Amino acid sequence: MKMTFTDEQQMLHQAAKRFFERNAPIDMIRRVQESELGHSESLWRQVTEAGWNAIIIPERFGGADGEITDLAIIFEEAGKVLLPTSFYSTTYATLVLNQLGTDRQQEQYLSKIVNGDYLSTVAYEEKHVLTKPALFTTTAEEVNNKWIINGEKRFVQNAHISDEMLVVARVGEYFGVFAISKDQEGVYIQEQHTIGRDNQAIVRFEKVLVDPTQLIGERLISAEELEQSRLIMTALQSVEMSGGAMKVIQMTVDYVKERRQFGVPIGTFQAVQHHLSNLYTKAVGSRLSSYKAISALQKNPQAKREVSIAKAYTNESYKDITVMAHQLWGGMGYSTEADLFLWSNRAKTAELTYGTTAYHRKVVEQIIREGIKKRVPKEIFI
Amino acid sequence: MDFNLTEAQLEWQKEVRTFLNEHVTPQLLEELREHEDKKMGPKEIEFKKMCADRKWNKINWPVEEGGLNLSEMEKFILNEEFLYALAPQVNDTASSIVAPSLFKFGTEENKELFLPPILNSEMSFALGYSEPEAGTDLASLKTKAVLDGDEWVINGQKTWNTFGHRVTHQWLAARTGDESSRYKGISMFIVPNDTPGLTMTRQDTWGDHTTNEVFLENVRIPQNYLIGELNGGWRVLTSALDFERVMMGEVAVPRRAYDDTVTFAAQTELDGELLIDRPDVIAKLAELEIELEIGQLFGYQAATKLDEGVDLSEDASMMKVYATELYTKVSDIGTQIMEGHGQLNWRNTDAPAGGTVEHLYRLAPFHRFGGGTNEVQRNIVAQRGLGLPRK
């Protein structure tokens, strides 16, 4: 059992920590969030130059041929600084391309991603469909050797700045992932204003004509294949959330050591210490379970149990930590002159993305039921 | 990173589990319940002897003293399996607190006198720490030891003397400094329970856990029954604390209660449906499953940190709080799921899970204040883990 980083991973971690501390200070992140475009080209360049976009891309396309644990290490540090989500949405697309892309498509896209020349995202959720792709109303129909896409996707991250979106459309019982540019005829983007201030959009597809070469993998895929990349993103986001959670704890510890009332730092009060002890426990538990999910996925792409345990626990923990942080910071943290609310925004957004606690507990319920069916009845000495 | 046990660790786990499956019989469990307030029964003695033959009672001893050269993770796995099986604890006070303390702090004379009988299971111990006025604030203890010629004379009172009625000796903390010396004036002694002047009265508790008050009136013991340095007792006492907390932070106990609840729910029909099919039941079980998994991760982290030689004072306290509060949560929810049958204790032949979940509900509070109450543990996490100021 090894629950700490290897020497190599430790070096990556230190590099990521230094990079984000230096290049993504909170006031800059805040300006990006408040800006019209919601994107910093210079920060994107820096992320690219640091090699973060190349981590899981195979060497033959200029990538680092790393593991998803290496990606997780970046996500953890990114979560601490509230990195704009373009890195996360492009990672999702990278995972899909790695898994499904034909040689030609991988050649075409992955080296561009390595160079930071391809921002992307995966359009998955719909207004009435979250977790059951079989019910997707965004469909693709093959007509005269072309595909026609009709439908609407929501909560598409960074659609407006993506070079192309990877759009999941249903084809009968199967699915096609289509690379579609926002400039294509029939594509309409409508900004969604979210608590995370993170560039999500409704994207409508009206008779969008797509070339067969734009079908990733040039074949239809099953729901299981579709889920693979989503499981990884869920675990990665869980790690990202655990990073943010730990950051809020650190900031709160610093605050309560400084803030004085009744002649002493409020951090000396037992109630304050107990709150922080409880929150710290949640942050540690979130981090361990999230890395466990990542580690499990490296061996078993269908490690649903570990992923759902991590997301369910981390959802509640990150949120609880930010909510209690506001209680401990008082007015000083409530004023938007302080930055605390930015992490609170992120905690709620991240909770509601890639599955709420209720959804993930249902996954665990199903696993419990399956376990019972497999079990040899145990004598419990009745 | 790898969160799975290695092949070798899985083999070890299997070895321990197989032994326990064979030897923790319904008869042994029944004898344990019957003898809880009495001396050890024959089956328990036999079981402990089998474990002693395998040196499983010496996992915390140095190898040169006959200890098993186990890693912390292997010890953790052993303890997990024993707790889960509801087996008698072989890593008892004698082998896991007294003997290691003798190795670390005992004089040569102490070791010569006490190690052989401990090795032969001729000596057993209860912790003589708490007093009516000294619980969480143990450093304020008042039981006094005064040197008179070549004997120590001890006067005072101890309380919550767990296992006192079953053991041969006290591992006693007494004041040898002046009244206000607090932790700087405490010494450790070994006191035979049959020494004239030492009397014991029984204290019953809500959790069916029998404990004792111990009265010491001019109890005289030889000079060399002082363990280690005079006034050096606090160091001895606290050296065992992290280990104790890691033990107490094992989620194996609530895990067992949870598994038994799941089995019960999977086999029991109520109002025409299997309990496990009720949405509210399976939802609660999923919630618990998640929290138990997190608890096990804390345990594995602590064990791996110990193996890596990393300091873990806040981890031990963190897991102790987490696991013990889970005792309450699991047994509370478990008894709810059992509905009316959740009331039945082990005296009923049809009590679900032999009444262990009902028992855990009453036993849980003890684990929350015992071994360092959870408020203090939270202070430790905040102060040692997060660097928050002490008073």
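Quick caveat, the model's predicted, so the values are computed rather than measured. Below, chain A is the first sequence line, B the second, and so on; all start at residue 1.
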Within a radius of less than 6.0 Å around CD of Glu308(B), do more than 12 heavy atoms belonging to other residues, nucleotides or ligands occur?
yes
Side chain, backbone, both or neither of Val264(A) within contact of chain B (heavy atoms, under 4.5 Å):
neither
Heavy-atom distance under 4.5 Å to chain B: side chain of Lys362(A), backbone, both or neither?
neither
Against chain A, label Ala303(B) side chain, backbone, both or neither, depending on which of its atoms sit under 4.5 Å from a heavy atom there.
neither
Any idea which of Leu285(B), Asp315(B), Val381(B), Leu388(B) has the most non-hydrogen atom pairs under 4.5 angstrom with chain A?
Leu388(B)
Can you tell me how far the CD atom of Glu316(A) sits from the CD1 atom of Ile290(B), to the nearest 0.5 Å?
9.5 Å
Side chain, backbone, both or neither: which part of Gln301(B) has a non-hydrogen atom closer than 4.5 Å to chain A?
both
What do you reckon, is CG of Asp7(A) surrounded by more than 12 foreign heavy atoms closer than 6.0 Å?
no
Drop me the distance from Tyr280(A)'s OH to Glu314(B)'s CD, to the nearest 0.5 angstrom.
4.5 Å
Side chain proximity check, Asn379(B) to His274(A), heavy atoms < 4.5 angstrom:
yes
Within a strict 4.5 Å, meaning less than it, do heavy atoms of the Thr281(A) and Arg378(B) side chains meet?
no
Quick check against the 3.5 Å criterion: does Ser295(A) have a side-chain atom that pairs as donor or acceptor with the backbone of Met1(B)?
yes
Look at atom NZ of Lys305(B) and say whether more than 12 heavy atoms of other residues, nucleotides or ligands are closer to it than 6.0 Å.
yes
side-chain contact (heavy atoms from CB on, under 4.5 Å) for Asn4(B) and Lys299(A)? Distances and angles first, verdict last.
CA-CA 11 Å; Asn4(B) 296 314; Lys299(A) 294 202 182 105; 3.3 Å; yes
Quick check: closest heavy atoms across Met318(B) and Val284(A), and the distance to 0.1 Å?
CE-CG2, 3.9 Å
Surrounding CD of Glu258(A) (heavy atoms of other residues, nucleotides or ligands, distance under 6.0 Å), is the total greater than 12?
no
For the student: nearest non-hydrogen atoms of Thr304(B) and Met3(A), plus distance:
OG1-SD, 3.9 Å
Atom NZ of Lys319(A): over 12 foreign heavy atoms under 6.0 Å:
yes
Is there a side-chain contact between Ile294(B) and Leu288(A), using heavy atoms and a 4.5 Å cut-off?
no
Which bit of Gln366(A) comes within less than 4.5 Å of chain B, counting heavy atoms only: side chain, backbone, both or neither?
neither
Going through the distances and angles, do Phe3(B) and Glu306(A) end up as a side-chain contact (heavy atoms from CB on, under 4.5 Å)?
CA-CA 11 Å; Phe3(B) 289 76; Glu306(A) 285 74 18; over 6 Å; no
Segment of Thr268(A) engaging chain B (4.5 angstrom heavy-atom cut-off)
both
Value for NZ (Lys292(A)) from CD (Gln296(B)), rounded to nearest 0.5 Å, stands at 6.5 Å
For chain B, the option from Gln298(A), Glu67(A), Gln9(A), Lys257(A) that forms the most heavy-atom pairs under 4.5 Å:
Lys257(A)
Supply the atom-to-atom distance Asp307(B) CG to Lys2(A) NZ, rounded to the nearest 0.5 angstrom.
11.5 Å
Working to the nearest 0.5 Å, report the span between CG of Asn278(A) and CD of Glu325(B).
7.0 Å
Region of Leu276(A) that comes under 4.5 Å of a non-hydrogen atom in chain B
both
What part of Thr4(A) gets within 4.5 angstrom of chain B, counting heavy atoms only: side chain, backbone, both, or neither?
both
Closest non-hydrogen atom pair between Ala382(B) and Ser277(A), with its separation
N-CB, 4.4 Å
Chain B interface, residue from Val253(A), Thr69(A), Thr6(A) that has the most non-hydrogen pairs under 4.5 Å
Val253(A)
Checking Tyr300(B) against chain A: side chain, backbone, both or neither under 4.5 Å from a heavy atom?
both
Are more than 12 heavy atoms from other residues, nucleotides or ligands located less than 6.0 Å from atom CD of Glu273(B)?
yes
Please determine whether the number of non-hydrogen atoms from other residues, nucleotides or ligands lying under 6.0 Å from atom NZ of Lys132(A) exceeds 12.
no
By a 4.5 Å heavy-atom criterion (distance strictly below it), what part of Ile249(A) contacts chain B: side chain, backbone, both, or neither?
side chain
Restricting to non-hydrogen atoms, name the atom on Pro389(B) and the atom on Gly267(A) that form the minimum distance, rounded to 0.1 Å.
CD-O, 3.8 Å
Counting heavy-atom pairs under 4.5 Å to chain B, which of Tyr291(A), Phe5(A), Phe269(A) comes out on top?
Tyr291(A)
Hey, are Gln270(A) and Glu375(B) close enough side-chain-wise for a donor-acceptor pair under 3.5 Å?
no
Using non-hydrogen atoms and a 4.5 Å limit, figure out which bit of Leu5(B) sits close to chain A: side chain, backbone, both or neither.
both
Exceeds 12 heavy-atom contacts within 6.0 angstrom, atom CD of Gln13(B)
yes
Once rounded to the nearest 0.5 Å, what's the spacing between atom CD1 of Ile276(B) and atom CD1 of Ile368(A)?
7.0 Å
Would you confirm whether Gln250(A), through its side chain, and Leu386(B), through its main-chain N or O, come within 3.5 Å as a donor-acceptor pair?
no
